Amino acid sequence: MIKLRWLSAAVLLSMYASNCWAFGIDDVAKEAKEMAGKSYEAPKSNLPSQFRDMKYADYQQIQFNHDKAYWGKLKTPFKLEFYHQGMYFDTPVKINEVVASTVREIKYSPDYFNFGNVKHDADTVKNLGFAGFKVLYPINSKKKEDEIASFLGASYFRVIGAGQVYGISARGLAIDTALPSGEEFPRFKEFWIRRPKPQDKHLIIYALLDSPRATGAYRFDLTPGKDTTVDVQSKIYLRARVGKLGIAPLTSMFLFGPNQPSPVPNYRPAIHDSDGLSIHAGNGEWIWRPLNNPKHLAISDFSVENPKGFGLLQRARNFDQYQDLDDRYDLRPSAWIEPKGDWGKGHIELVEIPTSDETNDNIVAFWTPDNQPAPGKEMDFNYLLRFTRNEEQLHPGKLAWVKDTLRSTGDVKQSNLVRQPDGSIAFVIDFVGGAMSKLPDETAVTPQVSIGQNGELVENRVRYNPVTKGWRLILRVRVKDNTQPTEMRAILMNGDKPLTETWSYQLPANE
């Protein structure tokens with residue numbers, strides 16, 4: 001009898017131990033740290049040449065069979081679909097499902113896909129593996145499963161909320177962006193996705209990152225809604241020192257807009273996924289930097305210790321600001337990052353790359369620490385990533401924000417009322433929102449404007465805007481050397497009290 005009791009206790013202890021183990025970020029971090037201590041092994045492609053050399057139109061023909069969505073027969077609001085390898089998506093990504101205390105690989109099968117007119121040998125693709133995956137959730141209607149997240153290519157991922165369409169992308173990590181030595185693109189080589197319960201309103205995704213000089217472990221807590229959020233935990237390890245480490249990188253597109261009109265006639269007034277970089281500095285200052293499509297690579301640094309937030313935003317929200325029925329730039333989300341804890345001393349970097357069309361992402365923003373730890377030492381960076389169209393939500397304080405930055409040829413009004421160009425460049429900046437919207441129109445609002453050594457300020461005035469219930473700042477600037485960029489900053493004050501965020505603009509070199 002005593003022996004049976006001891007046996008039962010042992011069995012119960014074994015069952016208790018097995019049920020208590022739950023897969024988590026520490027399991028991924030253990031593997032990432034071990035990898036960081038070893039030489040980098042480049043991923044090997046198993047993709048047949050007919051898939052690697054295919055054109056985009058052919059790749060688009062390979063579609064996932066929607067009736068075979070993973071978890072499609074389970075009572076859960078989340079579903080998974082997968083991307084096939086093709087073109088530059090030529091290395092397999094391992095995808096696992098986590099159920100209770102069990103981890104099992106989701107095996108590739110060509111039966112998941114409809115290949116359209118793409119000719120292929122079934123035997124050559126039967127063991128390929130996936131290129132990535134997408135998450136479905138009924139975010140706009142209970143009757144329709146919408147794609148809300150996509151993980152495809154390197155460490156890129158895109159996320160949208162209700163009523164939004166894909167635009168800006170996030171990344172796990174950026175290395176040596178815009179350095180002459182060339183950029184290194186880390187990739188998520190393996191994912192673990194926790195099977196959601198029927199009542200779950202969020203999805204947990206783990207990812208293992210790898211590159212020649214860095215590894216990392218990530219936990220993404222995806223919560224869909226009007227604003228979809230991703231709670232990010234990351235543990236990063238360096239194999240070797242890098243030139244520039246980009247934390248919480250965002251990638252977007254800016255072709256032209258009111259502050260930099262199209263050089264050729266276009267019925268669309270603007271084409272961009274984002275129109276500015278917003279920063280909430282550790283000292284409480286808010287900064288707005290309108291984006292450009294420069295003729296030459298442009299890099300802007302903003303020293304920020306312990307940032308409170310930053311992001312690439314799409315502030316222009318009216319359809320008539322784009323007039324594009326197909327691409328709906330007015331519905332593309334802003335991406336806002338709220339760091340958790342103290343990130344220390346560093347700076348937010350904005351990279352603007354010349355582009356001739358809207359198919360190229362040419363904008364990158366990230367935070368980079370001033371000091372890198374020794375290789376192998378763990379770096380923890382946690383943050384909330386929000387995809388939103390609600391600008392007011394990003395400014396809970398009393399400061400007004402920049403609604404529009406408009407640019408035109410500078411001129412002066414002659415005695416006969418005819419405007420005569422004077423060789424300057426004019427900027428019109430509209431500030432709206434915050435406590436400013438409740439001020440009487442006769443309030444004494446004064447501008448504080450500064451300009452770099454390459455420019456001369458020839459006009460600086462502010463007036464009330466009865467349409468926006470805000471104030472409009474009018475600047476005219478004369479550039480000394482068109483081959484050099486010109487820096488400008490402005491803020492509106494009421495006495496010694498700031499009324500607005502800081503408008504920070506770099507006029508690109510013209511040659």
Side-chain angles (χ1 to χ4, degrees), residues 43-66 68-69 80-93 95 108-122 124-125 128-136 146-160 164-172 174 177 182-183 185-189 191 249-256 262 264 266 268 271-274 293 322 324-329 331-333 353-364:
K44 296 179 181 179
S45 175
N46 59 353
L47 194 62
S49 58
Q50 68 189 89
F51 284 90
R52 185 182 297 107
D53 300 334
M54 65 173 33
K55 303 298 183 182
Y56 180 75
D58 291 327
Y59 181 67
Q60 285 294 96
Q61 288 192 55
I62 306 176
Q63 294 292 318
F64 191 89
N65 289 319
H66 300 305
K68 295 185 178 181
L80 298 179
E81 293 186 353
F82 307 107
Y83 289 104
H84 200 278
Q85 291 188 68
M87 299 191 306
Y88 34 79
F89 307 118
D90 61 352
T91 52
V93 173
I95 302 174
Y108 165 88
S109 170
D111 294 338
Y112 277 127
F113 299 94
N114 182 340
F115 290 83
N117 296 324
V118 177
K119 295 181 180 179
H120 64 285
D121 183 348
T124 63
V125 300
L128 272 186
F130 302 113
F133 68 95
K134 61 183 72 172
V135 179
L136 308 183
D146 300 294
E147 182 181 336
I148 63 165
S150 171
F151 289 77
L152 178 66
S155 67
Y156 287 85
F157 59 98
R158 296 194 295 176
V159 177
I160 52 175
Q164 301 171 13
V165 299
Y166 279 145
I168 191 171
S169 297
R171 278 195 273 173
T177 305
E183 184 168 1
F185 289 91
R187 63 184 291 267
F188 290 135
K189 63 180 295 184
F191 292 94
L250 299 171
T251 300
S252 193
M253 180 275 294
F254 181 92
L255 187 63
F256 59 81
S262 174
V264 296
N266 196 307
R268 296 171 292 182
I271 296 179
H272 49 70
D273 291 336
S274 307
N293 178 9
Y322 304 97
D324 196 318
L325 285 172
D326 295 316
D327 292 326
R328 295 307 302 267
Y329 293 103
L331 300 181
R332 305 202 175 196
I353 305 167
T355 186
S356 58
D357 64 76
E358 65 264 43
T359 63
N360 297 318
D361 283 343
N362 64 321
I363 304 295
V364 186

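Computed from a prediction, not measured in an experiment: that's the story for all the values here.
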Checklist entry - CE of M54 to CD of Q60: how many Å apart, nearest 0.5 Å? => result 10.5 Å
Next on the checklist: Could you work out, with ring-ring contact (aromatic ring centres under 6.0 Å, His included) as the rule, every residue matching Y83, not counting sequence neighbours?
Outcome noted: none
Item to check | Smallest separation among heavy atoms of Q50 and H120, with atom names | outcome: NE2-CA, 3.3 Å
Next on the checklist: Tell me the closest heavy-atom pair linking G172 and F157, and the distance in Å.
Outcome noted: N-CE2, 4.3 Å
Checklist entry - Do T91 and R187 get their side chains close enough for a donor-acceptor pair, meaning under 3.5 Å? => result yes
Item to check | Working for side chain to side chain contact (heavy atoms under 4.5 Å, CB included), residues Y108 and I95 | outcome: CA-CA 9 Å; Y108 165 88; I95 302 174; over 6 Å; no
Item to check | Spacing of CG belonging to D361 relative to OH belonging to Y156, to within rounding of 0.5 Å | outcome: 7.0 Å
Checklist entry - What's the shortest heavy-atom distance between S356 and L255, and which atoms? => result C-CD1, 3.8 Å
Checklist outcome for this item: Rounded to the nearest 0.5 Å, the CG atom of D273 sits from the OG atom of S169 at a distance of 8.0 Å
Item to check | F82 vs F133, ring-ring contact (aromatic ring centres under 6.0 Å, His included): CA-CA, chis, key distance, verdict | outcome: CA-CA 4 Å; F82 307 107; F133 68 95; 7.3 Å; no
Checklist outcome for this item: The reported gap from CD1 in I363 to CE in M253 (rounded to nearest 0.5 angstrom) is 9.5 Å
Item to check | Pair N362-T355, side-chain donor/acceptor within less than 3.5 Å | outcome: no
Checklist entry - Between F89 and A131, what is the shortest heavy-atom contact and its length? => result CB-CB, 4.0 Å
Item to check | Side-chain heavy-atom pair N46, Q85 within 4.5 angstrom cut-off | outcome: yes
Checklist entry - For I148, does its backbone N or O pair with a side-chain atom of D146 as donor and acceptor, under 3.5 Å? => result no
Checklist entry - Does the side chain to side chain contact (heavy atoms under 4.5 Å, CB included) test come out yes or no for E358 and Y329, once each step is laid out? => result CA-CA 11 Å; E358 65 264 43; Y329 293 103; 3.6 Å; yes
Item to check | Close side-chain approach of D58 and M87, heavy atoms under 4.5 Å | outcome: no
Checklist entry - Does D324 reach the main-chain N or O of D327 with its side chain, forming a donor-acceptor pair under 3.5 Å? => result yes
Checklist entry - For R332, does its backbone N or O pair with a side-chain atom of Y166 as donor and acceptor, under 3.5 Å? => result no
Checklist outcome for this item: Nearest heavy-atom approach of G167 to P333 is N-CD, 4.4 Å
Checklist entry - Charged N to carboxylate O under 4.0 angstrom, E183 versus R171? => result yes
Item to check | Mutual orientation of the aromatic rings belonging to F115 and F51 [parallel < 30°, tilted 30-60°, perpendicular > 60°] | outcome: perpendicular
Item to check | F151 and F191 aromatic ring geometry - parallel, tilted or perpendicular at 30°/60° bounds | outcome: perpendicular
Checklist entry - Roughly how far, to the nearest 0.5 Å, is CG of D90 from CG of L128? => result 11.0 Å
Checklist entry - How far apart are the closest heavy atoms of P92 and K44, and which atoms are they? => result CD-O, 3.8 Å
Next on the checklist: So L331 and Q164, do their side chains get closer than 4.5 Å, heavy atoms only?
Outcome noted: no
Next on the checklist: Quiz question: by atom type and distance under 3.5 Å, do the side chains of Y59 and H84 form a donor-acceptor pair?
Outcome noted: no
Next on the checklist: Go through it in stages, so that I can follow the logic: the residues are V93 and F130, the test is side chain to side chain contact (heavy atoms under 4.5 Å, CB included), and I'd like the CA-CA distance, side-chain angles, deciding distance and then a yes or no.
Outcome noted: CA-CA 6 Å; V93 173; F130 302 113; 5.6 Å; no
Item to check | Separation of L47 CG from T124 OG1 (nearest 0.5 Å) | outcome: 9.0 Å
Next on the checklist: Do L80 and V135 make a side-chain contact, defined as non-hydrogen atoms from C-beta onward lying under 4.5 Å apart?
Outcome noted: yes
